[in-house]
Participant: 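Following this message is one structure expressed as structure tokens.
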Amino acid sequence: MIIALGTVLDAPLLIRVTTVSLTALLATIGVYGIVALIVRMDDAGYRLMRASGNKVFPVHMGRLLVKALPVVIRFLGLAGTLALVLVSGGILIHQLGFLNDLFPVLPAFFKEIAACLLGGLITVGLVKLLRSIRHFIKI
């Protein structure tokens, strides 16, 4: 969305609104379409096996789809977690400029991961502290 808006930033308002709206619509359809395909992957594999008429290739493709779904889900969980860590770390690094200058030799990838983990640890510590205070006061 930001890239789409950045490309038409100097255009008239109607062009900017149209561009961003179409980008949002296409991105939404694309994302939900991919999710729908992943969710239905095992159903498609099962139907392929059932409707194959004992032909070897469709049966193997169906089995592959059914067996691949857990692997795909695990990979997406890992990739999603890494993406969230990098995005949140990037937000911290960019909002707190001194963090970016702290280790100039370190690649941004490592700085973002470290910033996210540090932010998470601080958050967990604050939550535990507040729970302890609340428990002590008995609120």
Side-chain angles (χ1 to χ4, degrees):
M1 299 295 297
I2 292 171
I3 294 171
L5 181 59
T7 59
V8 292
L9 202 53
D10 297 328
L13 181 63
L14 182 62
I15 299 291
R16 286 185 284 176
V17 169
T18 305
T19 302
V20 172
S21 298
L22 286 175
T23 303
L25 184 67
L26 288 173
T28 302
I29 290 170
V31 167
Y32 281 108
I34 290 170
V35 168
L37 288 174
I38 291 170
V39 167
R40 294 304 205 166
M41 196 166 109
D42 57 342
D43 291 338
Y46 176 69
R47 286 186 182 162
L48 199 58
M49 287 187 297
R50 207 175 57 190
S52 69
N54 291 331
K55 293 180 185 161
V56 175
F57 182 72
V59 169
H60 285 303
M61 273 309 287
R63 281 192 190 134
L64 178 69
L65 287 172
V66 170
K67 289 183 178 183
L69 183 62
V71 175
V72 169
I73 297 296
R74 269 189 234 114
F75 170 76
L76 288 174
L78 244 155
T81 302
L82 181 61
L84 286 172
V85 163
L86 290 174
V87 167
S88 60
I91 290 170
L92 279 172
I93 293 271
H94 287 92
Q95 292 300 315
L96 305 173
F98 70 90
L99 288 177
N100 202 20
D101 301 331
L102 206 53
F103 300 103
V105 213
L106 206 60
F109 176 81
F110 294 115
K111 285 192 236 184
E112 290 170 0
I113 289 177
C116 178
L117 293 176
L118 185 63
L121 287 173
I122 290 170
T123 302
V124 168
L126 285 173
V127 167
K128 287 191 175 279
L129 178 68
L130 290 174
R131 282 187 178 168
S132 297
I133 292 171
R134 190 179 85 186
H135 181 67
F136 182 72
I137 299 174
K138 306 240 190 237
I139 295 177

Participant: Closest heavy-atom contact between I73 and I38?
Facilitator: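 Heavy atoms only, the tightest pair is CD1-CG2, 3.9 Å.
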
Participant: Using links of under 4.5 Å between side-chain heavy atoms of ILVMFWY residues, direct or through other members, which residues join L5 in one cluster?
Facilitator: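 ILVMFWY cluster around L5 also holds M1, L9, V20.
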
Participant: Closest heavy-atom contact between V66 and Y46?
Facilitator: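 Closest approach of V66 to Y46: CG2-N, 3.9 Å.
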
Participant: Restricting to non-hydrogen atoms, name the atom on L92 and the atom on A115 that form the minimum distance, rounded to 0.1 Å.
Facilitator: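 Taking L92 first and A115 second, the nearest heavy atoms are CD1-O, 3.3 Å.
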
Participant: Which atom names give the shortest non-hydrogen contact between E112 and L86, and what distance separates them?
Facilitator: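 For E112 and L86, the tightest heavy-atom pair comes out as OE1-O, 3.6 Å.
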
Participant: Hey, does the side chain of S52 reach the backbone of M49 with a donor-acceptor pair shorter than 3.5 angstrom?
Facilitator: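 Judged by distance alone, yes, a pair lies under 3.5 Å.
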
Participant: Among D43, D42, V35, exactly one meets side-chain contact (heavy atoms from CB on, under 4.5 Å) together with V39. Which residue is that?
Facilitator: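 So, applying the side-chain contact (heavy atoms from CB on, under 4.5 Å) to V39 and each of D43, D42, V35, only V35 qualifies.
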
Participant: Test question: given the 4.5 Å side-chain rule for I, L, V, M, F, W and Y, name all other residues clustered with V71, or answer none.
Facilitator: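 None; V71 is a cluster of one.
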
Participant: Are there more than 12 heavy atoms of other residues, nucleotides or ligands under 6.0 Å from atom CG of L129?
Facilitator: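 Yes, the 6.0 Å shell around CG holds more than 12 heavy atoms from other groups.
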
Participant: Starting at CD1 of I91, measure out to CG of L96 and round the result to the nearest 0.5 Å.
Facilitator: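 If I round to the nearest 0.5 Å, the distance is 11.5 Å.
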
Participant: Starting from I2 and following side-chain heavy-atom contacts under 4.5 Å between hydrophobic residues (I, L, V, M, F, W, Y), which residues can be reached?
Facilitator: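 Reading the cluster by chain and number, I2 sits alone, since nothing else belongs.
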
Participant: Closest heavy-atom contact between T23 and A4?
Facilitator: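 Answer, listing the atom of T23 first, then A4: OG1-CB, 3.5 Å.
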
Participant: Same cluster or not: are L118 and I113 linked, directly or through other Ile, Leu, Val, Met, Phe, Trp or Tyr residues, by side-chain heavy atoms under 4.5 angstrom apart?
Facilitator: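 In one cluster: no.
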
Participant: With rounding to the nearest 0.5 angstrom, report the CZ to OG1 distance, R16 to T18.
Facilitator: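 It comes to 11.0 Å.
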
Participant: Is it the case that one hydrophobic cluster holds both V17 and I15, taking links as side-chain heavy atoms less than 4.5 Å apart, direct or via other members?
Facilitator: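 Different clusters.
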
Participant: Can L102 be reached from L117 by stepping across I, L, V, M, F, W or Y side chains whose heavy atoms are under 4.5 Å apart?
Facilitator: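 Same hydrophobic cluster.
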
Participant: Check the hydrophobic clustering (I, L, V, M, F, W, Y; side-chain heavy atoms under 4.5 Å; chains of links allowed) and say if L82 and V72 are grouped together.
Facilitator: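 No.
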
Participant: Please answer: with hydrophobic residues joined when any side-chain heavy atoms are less than 4.5 Å apart, are L69 and F75 in the same cluster?
Facilitator: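 Same hydrophobic cluster.
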
